[in-house]
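Since the structure comes first, as structure tokens, the remarks are kept for the end.
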Amino acid sequence: MTDDRERLEQQLIDGLRRHAVDYENLRRAFAGWLSLHASDANALAEIANQELLGQPLTPAALAKRIHLSPGATSNMLNRLESAGYIRRSREGQDGRKVLLHTGGQAAAVAHEFFDPLSARLIRVMDRYSVAQLGEISSFLHEVHLTLRDLLAEPLPPRENRE
């Protein structure tokens, strides 16, 4: 492996790490802007992201994803529903399966908050060719799959440090 390649790989790893921190700070700023607790905004983001993928979450799946108890998740969903950020729909033949969807209020406030960022990111992307954007998109997709697979694995036991 060349020194240039190692340097670039480390720069990319560092950049991804910085992006993760920046994105978490952006999510916290969004929560504060909405006057929501960070966990409520995190749940709203999870619901919206899964809905965009065409895979709406159930309350139980959301609880697992955001590491909250079913009771705490239910209380949080009640708050988000009362604020107009989400809605619940009953699915299946017997109507017992509940799916979570973003409410009209969520889309409006998300656009208001995130559209300026999208415009700035598009200006950044304008500096790259379609081929380069395709490569970057492929790279980010593979990073996503790698993280998802890693998070699905059980954590190794931690060494006892006394």
Side-chain angles (χ1 to χ4, degrees), residues 4-5 7-68 72-89 91 97-153:
D4 285 342
R5 181 173 180 91
R7 181 183 50 77
L8 285 171
E9 287 174 349
Q10 191 58 52
Q11 284 178 350
L12 283 169
I13 290 170
D14 292 345
L16 288 169
R17 210 177 286 124
R18 283 190 311 272
H19 170 72
V21 171
D22 291 343
Y23 187 75
E24 183 57 32
N25 288 334
L26 181 66
R27 284 175 76 151
R28 288 175 202 252
F30 183 57
W33 186 73
L34 291 175
S35 298
L36 290 176
H37 188 277
S39 62
D40 289 15
N42 185 37
L44 182 57
E46 288 291 332
I47 293 165
N49 287 337
Q50 287 306 117
E51 189 175 35
L52 283 172
L53 294 172
Q55 303 165 351
L57 292 170
T58 63
L62 176 65
K64 185 176 180 182
R65 289 177 80 97
I66 62 174
H67 308 286
L68 284 180
T73 300
S74 180
N75 288 336
M76 179 189 54
L77 292 174
N78 289 339
R79 288 191 303 272
L80 291 172
E81 192 170 37
S82 292
Y85 295 131
I86 67 152
R87 62 180 177 77
R88 300 174 222 213
S89 68
E91 308 287 327
K97 184 176 184 178
V98 175
L99 295 179
L100 304 171
H101 305 277
T102 54
Q105 182 72 6
V109 297
H111 281 294
E112 186 179 348
F113 186 85
F114 289 105
D115 280 357
L117 172 62
S118 294
R120 289 179 183 202
L121 291 174
I122 288 169
R123 285 196 300 270
V124 170
M125 288 185 268
D126 283 344
R127 297 193 307 245
Y128 295 86
S129 70
V130 171
Q132 289 172 315
L133 291 174
E135 290 292 318
I136 294 166
S137 179
S138 176
F139 171 76
L140 290 175
H141 180 70
E142 290 188 42
V143 168
H144 160 71
L145 295 176
T146 301
L147 286 170
R148 187 193 64 194
D149 292 347
L150 178 70
L151 290 170
E153 296 173 7

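Positions are given from 1, in the same order as the sequence printed here. Because the structure is predicted, anything quoted here is derived from the model rather than measured.
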Taking atom OH of Y85 and atom CG of L34, what is their separation to the nearest 0.5 Å? 4.5 Å

Shortest non-hydrogen separation from L44 to L80 and the atoms involved: N-CD1, 4.4 Å

Once salt bridge (Lys or Arg N to Asp or Glu O under 4.0 Å) is applied, what residue pairs with a partner in residues 20-42 remain, sequence neighbours excluded? E24-R28, D40-R79

Any side-chain hydrogen bond (donor to acceptor under 3.5 Å, both in side chains) pairs touching residues 113-126, not counting sequence neighbours? H111-D115

Give me the atom names and distance for the closest heavy-atom approach of P59 to T73. O-CG2, 3.8 Å

Using the test side chain to side chain donor-acceptor pair (under 3.5 Å), find all partners of R65 that sit at least two apart in sequence or belong to another chain. E46, Q50

Between CG on residue L62 and NE2 on residue H67, distance to nearest 0.5 Å: 11.0 Å

As an exercise, state the distance from CZ of R5 to CG of L8, rounded to the nearest 0.5 Å. 8.5 Å

If you measure from CG on N42 to CD1 on I47, what distance do you get to the nearest 0.5 Å? 10.0 Å

If I compare all heavy atoms of A31 with all of A38, which pair ends up nearest, and what's the gap? CB-CA, 4.0 Å

Any side-chain heavy atom of L26 sitting closer than 4.5 Å to one from L117? yes

What heavy-atom pair brings S39 and M76 nearest, and what distance separates the two atoms? O-SD, 3.6 Å

Gap separating the NE2 atom of H101 from the CZ atom of R87, nearest 0.5 angstrom: 5.0 Å

L99 versus T58: any side-chain heavy-atom pair under 4.5 Å? yes

Side chains of L145 and L150, heavy atoms from C-beta outward: is any pair under 4.5 Å? no

Set of side chain to side chain donor-acceptor pair (under 3.5 Å) partners for N78, sequence neighbours left out: R88

Are there over 12 heavy-atom neighbours, none belonging to Y128, within less than 6.0 Å of that residue's OH? no

Taking only residues two or more places apart in sequence, or in another chain, which ones meet F114 in a ring pair (Phe, Tyr, Trp, His ring centres under 6.0 Å)? F30

Residue pairs, two or more places apart or on separate chains, that pass side-chain hydrogen bond (donor to acceptor under 3.5 Å, both in side chains) and touch residues 135-148: none

Sub-4.5 Å side-chain heavy-atom contact between R17 and I13: yes

Are the side chains of D4 and R7 in touch, meaning some heavy atoms are under 4.5 Å apart? yes

From CA spacing to verdict: side chain to side chain contact (heavy atoms under 4.5 Å, CB included), V98, E91: CA-CA 6 Å; V98 175; E91 308 287 327; over 6 Å; no

